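Take a look at the structure set out below.
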Amino acid sequence: MMEHVYVESLASHVGQEVHLKGWVAGKRSSGKVRFLLLRDGTGMVQCVVTPGADSASFSLAEELPLEASVEVWGTVREDARAPGGHELSLTRVQPVHIPSEDFPIALKEHGVGFLMEHRHLWIRMRRQVPILRLRDGILWASRQFFKERGFVATESPILVGTSVEGTTTLFTLDYFGRPAYLSQSGQLYLEATCAALGKVYWIGPTFRAEKSKTRRHLTEFWMLEAEVAFLEHEGNLVLQEDLVRYIVEYAASEHAADLEALERDPRVLLDQVSEPFARVTYAEAVQLVREAGVEMEEGDDLGAPAEDAISKHFGRPVFVERFPAQIKPFYMKRAPDNPHQALCADLIGPEGYGELIGGSQRVDSEEELERQLREAGLPLEPYKWYVDLRKWGSVPHSGFGLGVERTVAWICGLAHLREAIPFPRMLDRIDP
RNA sequence: UCCCCGGUAGCUCAACUGGCAGAGCGGCUGGCUGUUAACCAGUAGGCUGGAGGUUCGAGUCCUCCCCGGGGAGCCA
């Protein structure tokens with residue numbers, strides 16, 4: 001029995017007979033020469049069927065509809081005419097399952113609404129597969145980065161009893177008769193965990209019930225969060241920069257074929273991270289935004305047009321540091337030289353991909369934390385455990401959260417976050 | 001929550017100032033020994049999102065509703 005191989009390994013099987021399993025991704029015919037495009041998750045290969053194959057296989061090559069699942073046998077050949085450089089001279093094809101209805105998604109343009117209705121099938125198509133493979137690569141690179149640096153992968157709960165940032169909208173649910181929420185960030189818990197393990201990170205889903213309807217928002221999205229004891233603001237920025245550069249370099253070298261399939265030039269990405277990331281203070285950013293002709297009040301948060309202006313100005317990732325403490329959450333430490341500024345930074349991605357990372361040094365004194373909770377109008381009681389962290393061996397510590405889908409969208413060059421996750425959840429869209 | 005755009009064949013879209021409902025793709029039938037979202041010929045396919053209204057006449061104009069898309073605010 002011939003061994004089953006995957007399309008990605010065909011280059012090492014030239015001249016050999018192989019057995020492939022997959023799906024019909026396309027077919028063409030020119031009378032007595034028929035072409036079957038086979039995909040198996042690792043790649044696509046064109047199978048050539050001539051009357052030399054057995055007669056049942058020859059007619060199947062014409063009859064099999066799109067997305068029929070099949071097993072094929074044939075000889076691997078190098079051929080410049082074939083997409084990918086290799087093709088299979090097919091000797092036999094055996095159906096595994098033949099659909100009785102036409103596959104809803106044709107090899108042509110479709111509207112977004114229609115594609116989203118069929119997301120469970122859309123993810124099989126030629127652009128979607130490389131995106132999802134790159135997403136895996138980006139997450140894998142992140143884990144490798146943290147592993148190399150001695151971080152411990154840990155977890156934060158998804159079901160929580162208190163909100164991280166009182167202002168943001170939460171999904172509420174009934175927890176045995178008590179109100180509970182879906183987590184909008186694992187940060188507070190990571191602060192506790194880092195006092196146990198030193199350097200920690202986690203990658204998990206977070207939820208925002210904001211009624212956002214834009215290409216930059218999902219209601220369920222993944223965050224990569226890290227928290228480090230004894231790390232201060234400056235070191236936090238260096239860590240973030242190292243991580244982002246590591247991810248980009250990994251994607252460019254290990255996923256060159258996926259990037260090419262998306263027509264995303266790896267050199268553009270590598271250029272963007274080759275120099276040290278730009279840094280500006282909030283005050284400088286406001287200046288810059290106004291000079292770009294975007295209206296903005298001193299003291300306002302950066303809106304989407306403002307972020308775009310900053311992004312455009314630098315053409316590479318840029319840290320915006322020291323926001324007014326007033327517009328930032330209660331847990332951020334104030335700058336020692338200016339109590340009105342938070343020791344924080346947002347990392348704004350290039351090409352208008354918006355805020356990729358939000359990070360800060362955290363408040364480490366009990367008195368200060370309680371004061372900032374009060375100033376934010378939050379009740380002390382639910383945060384008692386969080387305040388406790390400052391009672392026993394409090395240390396300076398910092399961390400950040402990276403938006404996974406925004407990073408995937410940037411690296412893949414996507415126009416919309418919905419393609420950066422297998423099953424996006426958005427306002428008005430929870431199926432499939 | 002607010003602002004803008006849209007809903008016509010399975011899909012993507014046309015249809016002038018209100019005047020016979022159209023094309024491409026996909027499907028089906030046939031042709032072609034190197035196709036690249038193949039090509040060529042033929043063929044089937046419609047409650048124009050829903051409800052009301054104006055009009056001799058509405059896909060087209062008006063009102064309300066439903067659904068989808070884009071953006072703002074907020075954020076990652």
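By convention in this document, chain letters (A, B, ...) are assigned in the order of the sequence lines, proteins followed by strands, and residues within each chain are numbered from 1. What you are looking at is a predicted structure, and each value in this text was computed from that prediction instead of being measured.
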Any-strand Watson-Crick or G-U partner of [N], both distances under 3.5 Å:
N: B/U1; answer: B/A72
N: B/U8; answer: none
N: B/G57; answer: none
N: B/C47; answer: none
N: B/C16; answer: none
N: B/U29; answer: B/A41

Shortest side-chain distance from [X], nucleotide among [options]:
X: A/Ala304; options: B/A76, B/U33, B/A72; value: B/A72
X: A/Ser212; options: B/C32, B/G73, B/A37; value: B/G73
X: A/Asp79; options: B/G34, B/G69, B/C75; value: B/G34
X: A/Arg77; options: B/A37, B/G69, B/G34; value: B/G34
X: A/Leu417; options: B/C32, B/G70, B/A76; value: B/A76
X: A/Phe35; options: B/U35, B/A37, B/U33; value: B/U35
X: A/Arg126; options: B/C32, B/A37, B/G68; value: B/A37
X: A/Asp102; options: B/G68, B/G27, B/A76; value: B/G27
X: A/Asp428; options: B/U35, B/A76, B/G68; value: B/G68
X: A/Lys32; options: B/A37, B/C75, B/U33; value: B/U33

Legend entry - 5' priority, RNA chain B, between A/Gly354 and A/His416 [closest heavy atom]: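 Final value for this comparison: A/His416.
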Inset, instruction - Please tell me which of A/Arg418 and A/Gly358 maps to the more 5' nucleotide of RNA chain B, matching each residue to the nucleotide holding its nearest heavy atom. - result: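 Result: A/Arg418.
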Expressed as a whole number of angstroms, how long is the span from [X]:[atom1] to [N]:[atom2]?
X: A/Met116; N: B/G6; atom1: CE; atom2: P; result: 23 Å
X: A/Glu117; N: B/G7; atom1: CD; atom2: P; result: 17 Å
X: A/Asp301; N: B/A72; atom1: CG; atom2: P; result: 14 Å
X: A/Ile327; N: B/C74; atom1: CD1; atom2: P; result: 9 Å
X: A/His217; N: B/A76; atom1: NE2; atom2: P; result: 9 Å
X: A/Arg135; N: B/A76; atom1: CZ; atom2: P; result: 17 Å
X: A/Met125; N: B/G26; atom1: CE; atom2: C1'; result: 12 Å
X: A/Met426; N: B/G68; atom1: CE; atom2: C1'; result: 11 Å

Using modelled atom types only, decide if a donor and an acceptor are shared between the side chain of [X] and the backbone of [Y] within a distance under 3.5 Å.
X: A/Arg425; Y: A/Ile430; value: yes
X: A/Glu67; Y: A/Pro99; value: no
X: A/Ser57; Y: A/Val93; value: yes
X: A/Glu225; Y: A/Gly401; value: no
X: A/Ser142; Y: A/Ile138; value: yes
X: A/Arg149; Y: A/Leu239; value: no

Inset, instruction - Run the salt-bridge test on A/Glu375 and A/Arg334 with the 4.0 Å N-O cut-off and return the result as yes or no. - result: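 Salt bridge between A/Glu375 and A/Arg334, a charged N being under 4.0 Å from a carboxylate O: yes.
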Legend entry - Any side-chain heavy-atom pair of A/Arg264 and A/Leu269 under 4.5 Å: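 A side-chain contact under 4.5 Å exists here.
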Could you give the distance separating [M] and [N] at their [atom1] atoms, to the nearest angstrom?
N: B/A58; M: B/G18; atom1: P; answer: 14 Å
N: B/U8; M: B/A15; atom1: P; answer: 14 Å
N: B/A23; M: B/U63; atom1: P; answer: 33 Å
N: B/U60; M: B/A9; atom1: P; answer: 15 Å
N: B/G19; M: B/G73; atom1: P; answer: 42 Å
N: B/C16; M: B/C40; atom1: C1'; answer: 34 Å
N: B/G27; M: B/C11; atom1: P; answer: 15 Å
N: B/C28; M: B/G68; atom1: P; answer: 32 Å

What contact category does [X] fall into here, base, sugar-phosphate, or nothing, at under 4.0 angstrom with non-hydrogen atoms?
X: A/Thr206; result: nothing
X: A/Gln46; result: base
X: A/Ile105; result: nothing
X: A/Glu109; result: base

Do [X] and [N] have a side chain to base donor-acceptor pair shorter than 3.5 Å?
X: A/Glu101; N: B/G10; value: no
X: A/Arg406; N: B/C75; value: yes
X: A/His110; N: B/C11; value: no
X: A/Thr214; N: B/G70; value: no

Legend entry - A/Lys213 side chain near B/G70 phosphate (N/O to OP1/OP2, under 4.0 Å):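 It does not, given that no N or O in the side chain of A/Lys213 lies less than 4.0 Å from OP1 or OP2 of B/G70.
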Legend entry - Below 4.0 Å: OP1/OP2 of B/C32 and any side-chain N or O of A/Arg34: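 So the side-chain polar atoms of A/Arg34 never come under 4.0 Å of the phosphate oxygens OP1 or OP2 of B/C32.
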Inset, instruction - Would you please test A/Gln144 and A/Tyr246 for side chain to side chain donor-acceptor pair (under 3.5 Å) and show each step? - result: CA-CA 9 Å; A/Gln144 196 165 280; A/Tyr246 189 100; 3.0 Å; yes
